[in-house]
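Computed over heavy atoms, backbone and side chain alike; hydrogens, waters and symmetry mates excluded. So that the names make sense, note that chain A is the first sequence line, chain B the second, and so on, each numbered from 1.
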Amino acid sequence: MIAPSPIRPALLFGSDPTPGIVSVLADRSGHARIWRRVDGRVRYEEATYPSWFFLARPELVDGLPVQELDASVLATGGANLQGSVGLVKLAGDNHFGYLVLTDQLDEVERRVIEAARQGHEEGRFTEPLSQLIYVRPALEQYLTISGRTYYQGMSYHDVRRLQFDLETSGLDANAHHIFMVAIRDSDGFATILDTTSMSEAELIGEFVRIVRERDPDIIENHNIFEFDIRFLVRRAHALGVPLPLGRDGSTFTESRDSVKVGAINEGFTRFSLVGREIVDTFHATKRYSAIQRDLRSNGLKEAARYFGVAPPDRVYLEGAEVYPTFLRDPALVRAYCMNDVEEVASLSTILLGPSFALASMVPKSYERIATAGTGQGLIEPLLVRAYLAGGHSLPSGQAVGSFAGGRTGIFATGIVDNVVKADVASLYPSIMLAERIAPASDQAGAFLTLLEELTGRRLHHKAQARNAELSADERRFEEAMQGAMKVLINSFYGMLGASFALFCDKSAAEQVTARGRDILQMVLDGLEARSAILIEADTDGVLFSLPTRADGEPWSYQTEAALIDEVAGLLPAGIHLEHDGRYRSMYSYMEKNYALLDYSSDVEPTLSTRVRLVGSAFRSTKLEPFIDHFLSQALLALLRGDVSSLQQLYRATCADLRAGRVPVADLCVTMPLTKDPEKYASSERKEEPYEVWINAGNPTWKTGTRIRYYQTRSGKRLLSDPPSAYDAAYYVDRLRTASLQRLDKALDREDLEAVLSESPGLFDPLMENVRPLVVKYVEPLETATPASPLAEPAPALAV
DNA sequence: CTCATACGGGG
DNA sequence: GTGTACGTATGAG
């Protein structure tokens, strides 16, 4: 545990530093149940607290036993209500001018809603209910008014995290069964149960016993909500096995919730346990890849490889192969299943660390912070806590509508060398601080105070994270704090433009983006004036290329940094331009779609580690594997300026195809059958995967079945059927079409067609003479993205 | 060509 | 009562 800092601003962490809270359950009658982990042991405590809500019209509590209270009771978080309803007149003239305190929230809220309905009927006021009362979930009420948060003084190593993974005979809990479960936790426990030595019911019972014995604070897996828990609950119910996994012996509860992925809210069914937090690395992965566009799939295996945490001897099995493999080689599937939970443990360390640290600041449960948006999800609860403690009236939210966003544009496509990335550090927060831009409704001045506090503290934590005098655990704690603060700092702007956020302010948001566009333009002008070739700009950063030096020497980091410093000198005070990466070359394909080649590739030109494919155009998971592989190799050759290699590669691939040397599995597409047979039959509309499956003599299927098939001369054929010769001409054509499209911007059209030819043509250019193409747009394709107010600038996750 | 619909993940 | 949103691939017309 980390001792609380002596200067610990309540604005950021809440006023009560009670350490070690790992879970809380609060009800609407003012009872809170608290689990704390102190020195590794879990203890249970209870507390009482007043429920609260903000109110716009005091007459809505007329007829209730109202007791007028002074705002000073709020600072101490207490009020002795004893059945009465506390009413506090708040300072300032924001919309919600009153705070109501009660220990019978159900009854009081019901009465207020009834009074509102009557008021509407009698025409005394017309505001919708949301403009009359502002009420939060009970758990947030407890944390907000008590000033407590989760995980004070804890590092990610101080909580016990348990990962479990089911292996099943299929995806449908009504038709399939569980045959294996792997369980591990962050304190070194690991075990595997399977049906070679017990029944499915015994396996579930044993799983329950182990989880209760290990008593984890956090339970994790990849797609745990949509798959593992749902499947477990269904099978346990069918077999009559109880699942008392909560800390009070209760079982899962279900609720509809949503996870914020980029600008989007995705619905999901949340399963919850009393006293424990449940988080999903699938959600975390999706949230990451919505921002960082070079993760190609959100699947566990792909994500683990991407973050470099896949064990070197990792066992890979196709989903459909898992159960058949278990029947003949259970040991192999045990290894596979244990690899899964190990990867989940590593992924959550990387992706959920910032959410963990945020939970020590924001008055919400960790599991909800892990799915929350940034503006309304993180900043608003901090401001509401500050307003509540300060006894200040609260503004109400409204629809914001669209407004002009960041400056984005593409200035050149093709293959460019000597590429540098520069970006303005924390552009929007810096603008808000430099220009003192805050919501007009922030009468208490909390917005900029918090932002300033966070900016200063983050630098401190960042420095401490590199302080060699601290222990490894302390340094990890410091790193997590600075990462969490970075997320918060980048979230302030998002709240301004978020419709129905209490403190939203369209005009303030517009001021920020307008100033941001001006500043980026200054950067672009400054770079161009110094002979840089602009490639692409997006909100707060720019990719540009430097022309080959007159003396033929390569550019060094130092000269690039000096150039950026020069341009930085043109910018207003408080705005910092930084060198953010350098690349040997780049293939600029479309806006936000490009490939980058590291300088280290000169030494070691290997594929996967040296070429970074960014953007959805390169992401398509539906390509046949051999095309996907070819394109990566082709891009590597192009980025190295080696057109002959590209041609050789193309010809070799075509020759392999024609000679029947390409394994059929590399030619297959993989498609899911997501509709059940009845639904497909009634949809009237023919879809290839279903037709292939039916034509192969399969009248029915289970939903979720994934099939793989390839093209033969006589039609599509399933990989699982007896093998047949594939249609080489078809695949040569597929290769050519896909390559012509993806490499279109890299070479002149005629050159590209000559390079991608199977045999030499009469008028073909010599490969030595084919030069990669660069097209500069005279009129830069400039845009001020019609702002989706929710598309916040990437709150880059600290990884 | 344009328009409409389904998909992302888990065994 | 507001956020069923994003970008892409496929099939139908």
Trainee: Parallel, tilted or perpendicular for A/F225 and A/F268, by the 30°/60° rule?
Mentor: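 Plane angle between 30° and 60°, so tilted.
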Trainee: Looking for any heavy atom pair under 4.0 Å, which part of the strands does A/G319 touch: base, sugar-phosphate only, or nothing?
Mentor: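 Answer is base: heavy atoms of A/G319 come under 4.0 Å of a base.
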Trainee: Atom CD1 of A/I291 and atom P of C/dA5: how far apart are they, to the nearest Å?
Mentor: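 Rounding to the nearest Å, CD1 of A/I291 and P of C/dA5 are 21 Å apart.
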Trainee: Reckon A/L300 touches a base, only the sugar-phosphate, or nothing at all at heavy-atom distances under 4.0 Å?
Mentor: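 Result for A/L300 = sugar-phosphate.
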Trainee: Mind checking A/A399 for me? I need base, sugar-phosphate or nothing, with any heavy atom below 4.0 Å counting as a touch.
Mentor: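 The residue A/A399 makes no contact with any strand.
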Trainee: Looking for any heavy atom pair under 4.0 Å, which part of the strands does A/D340 touch: base, sugar-phosphate only, or nothing?
Mentor: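 Sugar-phosphate contact only.
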Trainee: Over how many whole Å does the gap from A/K675 atom NZ to C/dT10 atom P extend?
Mentor: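 Value for this atom pair: 14 Å.
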Trainee: From the options B/dG9, C/dG3, B/dG11, select the nucleotide whose nearest atom is closest to the side chain of A/S499.
Mentor: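 Of the candidates, C/dG3 comes closest.
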Trainee: For B/dA4 and C/dT4, measure between their C1' atoms and round to the nearest Å.
Mentor: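 Roughly 16 Å separates the two C1' atoms.
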Trainee: Rounded to the nearest 0.5 Å, what's the gap from CH2 on A/W701 to CD1 on A/I707? Could you check?
Mentor: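 Going from CH2 on A/W701 over to CD1 on A/I707, the span is 9.5 Å.
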Trainee: Round to the nearest Å and state the distance from A/R230 atom CZ to B/dG11 atom P.
Mentor: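 Rounding to the nearest Å, CZ of A/R230 and P of B/dG11 are 15 Å apart.
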Trainee: Name the nucleic acid region contacted by A/Q376, choosing base, sugar-phosphate or nothing; use a 4.0 angstrom heavy-atom cut-off, strictly under.
Mentor: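 It contacts base atoms.
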Trainee: Using 4.0 Å as the upper bound for N to carboxylate O, is an ion pair formed by A/K301 and A/E343?
Mentor: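 Result for this pair is no, no salt bridge flagged.
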Trainee: Checking all strands, does A/H176 fall into the base, sugar-phosphate, or nothing category for heavy-atom contacts under 4.0 angstrom?
Mentor: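 No contact.
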Trainee: What's the gap between C/dG1 and B/dG8 when it is taken at their P atoms, as a whole Å value?
Mentor: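 Straight-line distance between the two P atoms is 34 Å.
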Trainee: Taking the minimum atom-to-atom distance to the side chain of A/L171, which one of B/dG10, C/dG3, C/dA9 wins?
Mentor: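 For the A/L171 side chain, the nearest candidate turns out to be B/dG10.
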Trainee: Is the closest basic N to carboxylate O distance between A/E114 and A/R110 below 4.0 Å?
Mentor: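 Judged by the 4.0 Å cut-off on N to carboxylate O distance, A/E114 and A/R110 do not form a salt bridge.
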Trainee: When you check the phosphate oxygens OP1 and OP2 of B/dG9, does a side-chain N or O of A/S297 lie under 4.0 Å from one of them?
Mentor: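 For B/dG9, OP1 or OP2 has a side-chain N or O of A/S297 closer than 4.0 Å.
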Trainee: What is the distance from CD of A/E687 to P of C/dT8, rounded to the nearest Å?
Mentor: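 That distance rounds to 20 Å.
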Trainee: What about A/F53 and A/Y134, are their ring centers closer than 6.0 Å?
Mentor: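 For A/F53 and A/Y134, the ring centres are not under 6.0 Å apart.
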Trainee: Please report, rounded to the nearest Å, how far the P atom of B/dG9 is from the CD atom of A/E220.
Mentor: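 So the CD-P distance, A/E220 to B/dG9, works out to 20 Å.
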Trainee: Does A/Y323 reach a base, just sugar-phosphate, or nothing at all? Heavy atoms under 4.0 Å.
Mentor: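 Nothing: the residue A/Y323, judged by heavy atoms under 4.0 Å, touches no strand.
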Trainee: How is A/E266 classified with respect to the nucleic acid when contacts are heavy atoms under 4.0 Å: base, sugar-phosphate, or nothing?
Mentor: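 Nothing, no heavy atom under 4.0 Å.
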Trainee: Could you check how far CG of A/D194 sits from P of B/dG11, rounded to whole Å?
Mentor: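 That distance rounds to 16 Å.
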Trainee: Taking the minimum atom-to-atom distance to the side chain of A/T168, which one of C/dG3, B/dG11, B/dG9 wins?
Mentor: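 Nucleotide nearest to A/T168's side chain: B/dG11.
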Trainee: Starting from P on B/dG10, measure out to CE on A/M180 and report it in whole angstrom.
Mentor: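 Whole-Å distance recorded here is 18 Å.
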Trainee: Inspect the contact between A/D194 and A/R334 and indicate whether a charged nitrogen and a carboxylate oxygen are less than 4.0 angstrom apart.
Mentor: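 Between A/D194 and A/R334 there is a salt bridge, with a charged N closer than 4.0 Å to a carboxylate O.
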Trainee: In whole angstroms, how far is the C1' atom of C/dA9 from the CD atom of A/Q741?
Mentor: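 In whole Å, C/dA9 C1' lies 11 Å from A/Q741 CD.
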Trainee: Taking the side chain of A/K301 as its heavy atoms from C-beta onward, which of C/dC6, C/dG1, B/dG11 lies nearest to it?
Mentor: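 Of the candidates, B/dG11 comes closest.
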Trainee: Which nucleotide in the list C/dG11, B/dG11, C/dA9 gets nearest to the side chain of A/D165?
Mentor: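 Shortest atom-to-atom distance from the side chain points to B/dG11.
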Trainee: Using heavy atoms to find the nearest nucleotide of DNA chain C for A/I264 and A/F500 separately, return the residue whose nucleotide is more 5′.
Mentor: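 In this pair, the answer is A/F500.
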Trainee: Within the structure shown, what part of the strands sits under 4.0 Å from A/L129 by heavy-atom distance: base, sugar-phosphate, or nothing?
Mentor: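 If one applies the 4.0 Å heavy-atom cut-off, A/L129 turns out to touch nothing in the nucleic acid.
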Trainee: Just to be sure I understand the rule, does A/K686 reach a base, reach only the sugar-phosphate, or reach nothing, if contact means heavy atoms closer than 4.0 Å?
Mentor: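 Sugar-phosphate contact only.
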Trainee: Counting only side-chain heavy atoms from C-beta out, which of B/dG9, C/dG11, C/dG3 sits nearest to A/H222?
Mentor: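 So the side chain of A/H222 is nearest to B/dG9.
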Trainee: Have A/Y288 and A/Y306 got a donor and an acceptor in their side chains that come within less than 3.5 Å?
Mentor: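 Yes, side-chain donor-acceptor contact under 3.5 Å.
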Trainee: Determine the Euclidean distance between corresponding P atoms of C/dG3 and B/dG9; express it in Å to zero decimal places.
Mentor: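 Between the two P atoms, the distance is 27 Å.
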